[in-house]
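Take a look at the structure set out below.
Just so you know, these numbers use all the heavy atoms, side chains as well, and skip hydrogens, waters and symmetry mates.
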Amino acid sequence: MASQTPWTDVHAKVHRSLRSRNLLPCGEALLVAVSGGQDSMCLIRLLLDLQGKWNWRMAIAHCDHQWRRDSVANADYIEELGKIWQVPCYRLTAPQIPKTEAAAREWRYQVLGEIAQTDNYGYVVTGHTKSDRAETLLYNLIRGSGADGLTSLVWSRPIFGRETETKPILVRPLLEITRQETGEFCQQRDLQIWEDSTNTDVSYARNRIRHQLIPELANKFNPKVEQALAQTAELLRADVEYLEQEADELYSLAMAPAPCNNSYGVNRHKLKSAPLALQRRVMRRFLEEVLRKGTNFEQVEKLTRLIYAPNRSQSDPFPGGAIAQVEGEWIWLKFPPQVGDEAN
Ligand SMILES: Nc1ncnc2c1ncn2[C@@H]1O[C@H](COP(=O)(O)OP(=O)(O)OP(=O)(O)O)[C@@H](O)[C@H]1O
């Protein structure tokens with residue numbers, strides 16, 4: 001069969017991305033997330049075509065959110081394809097129907113990561129494309145995100161935690177391929193696609209970006225707008241990675257070694273001479289680690305302002321009731337005492 005596989009531009013582009021970025025090294029085990037949509041159908045077929053060159057062990061994972069009436073038929077189809085292509089297939093069904101897209105995504109990554117860990121797949125692979133990258137950039141731009149959000153669709157990242165080398169690693173090898181190209185590829189290869197009816201529902205902001213905003217921008221401003229936006233994301237990504245490395249170092253220098261009486265400290269003296277971009281990143285990380293949730297712009301700004309504030313200045317409360325107070329060269333994020341704390 002492999003000898004009959006036509007070598008297309010799409011094969012060449014993906015092979016090049018894999019090689020130049022060392023995304024999915026030779027001989028590794030890949031768990032390929034296949035929804036049945038055109039992007040992930042293109043992905044699995046391409047990776048199977050390239051498997052001989054890279055010597056991967058491969059399996060398919062399909063997640064059934066039980067959202068659509070045809071979701072069982074969709075999962076059956078993926079399982080059948082696995083049999084035809086002789087690739088093991090994991091069929092995962094959500095224990096409860098997720099209420100939102102975000103909840104579905106969270107469950108999906110969690111369960112894909114767990115299977116990869118248990119059955120030793122070093123890589124979980126998804127079919128995100130250049131078009132997704134352009135849409136994500138616009139989506140987050142409109143919401144007021146910083147550079148990190150604009151570049152959130154990265155080529156690879158660990159599924160769990162922050163350490164870049166920690167497996168399983170999530171990899172998106174199609175970020176150089178547009179949705180038009182994945183559609184054409186599936187047509188050429190006669191691959192049946194399972195359309196997700198929610199993809200055309202313009203009550204979702206993401207779909208309005210895809211079906212209305214991008215075509216409008218392409219018509220009126222730049223016919224290659226997808227390419228341009230994806231390029232912006234790529235350029236910004238390198239900037240973000242550099243800033244994050246610098247922020248890592250500063251963060252470990254500035255943090256108090258341990259919390260003390262329900263208070264968490266950051267040394268503002270160590271932050272004073274740093275550029276604002278790094279001060280904000282350190283403060284954001286500090287808040288995220290202490291509050292254990294995502295932060296917003298106002299919260300980070302509130303804390304960053306204390307770097308230069310007079311001694312004994314304090315903030316208004318953060319979520320959970322913590323207040324930040326300046327004591328000499330330290331800023332302490334202090335939580336109100338819990339019931340029973342004083343008894344000890
Ligand atoms: N039900 C599913 N089962 C397996 N894989 C899936 C499923 N849904 C999505 N994926 C994987 O995720 C990729 C992106 O899909 P989609 O754009 O629909 O997800 P998303 O929720 O927007 O993801 P993200 O937020 O990470 O961009 C698909 O190409 C596929 O690899």
Tell me yes or no: between the side chains of [X] and [Y], is some donor less than 3.5 Å from an acceptor?
X      : Y      : result
Thr182 : Gln38  : yes
Tyr308 : Gln279 : yes
Gln180 : Glu184 : yes
Glu114 : Gln110 : yes
Asp64  : Ser71  : yes
Glu246 : Tyr251 : no

Look at the side chain of [X] and the backbone N and O of [Y], then say whether any donor-acceptor pair between them is shorter than 3.5 Å.
X      : Y      : result
Ser40  : Ser35  : yes
Arg133 : Glu176 : no
Arg57  : Glu28  : no

Angle class for the [X]/[Y] ring planes (parallel below 30°, perpendicular above 60°, tilted otherwise)?
X      : Y      : value
His15  : Trp54  : perpendicular
Tyr90  : Tyr121 : perpendicular
Trp330 : Trp332 : parallel

Subject >> Tyr123 six-ring centre to Lys167 NZ/CZ under 6.0 Å and within 45° of normal >> reply: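 Cation-pi check for Lys167 and Tyr123: fails.
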May I ask you to say whether [X] pairs ionically with [Y], meaning some side-chain N is under 4.0 Å from a carboxylate O?
X      : Y      : answer
Arg210 : Asp132 : yes
Glu234 : Arg21  : yes
Asp316 : Lys302 : yes
Arg208 : Asp201 : no
Glu216 : Lys220 : yes
Arg189 : Asp49  : yes
Glu226 : Arg179 : no
Glu327 : Arg312 : no

Original post:
When hydrophobic residues are tied together by side-chain contacts of less than 4.5 Å, even through go-betweens, does Leu175 share a cluster with Val240?
Top reply: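 No, no single cluster joins them.
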Subject >> Single-linkage hydrophobic cluster, 4.5 Å side-chain cutoff, Ile84 and Leu191 together >> reply: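 Yes; Leu191 is reachable from Ile84 via cluster members.
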Original post:
Do the side chains of Glu241 and Glu244 get nearer than 4.5 Å, heavy atoms only?
Top reply: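 The answer is no, as the side chains (C-beta and beyond) never meet within the 4.5 Å cut-off.
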Subject >> Minimum side-chain heavy-atom gap Thr129-Arg172 below 4.5 Å >> reply: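 No, too far: nothing below the 4.5 Å cut-off.
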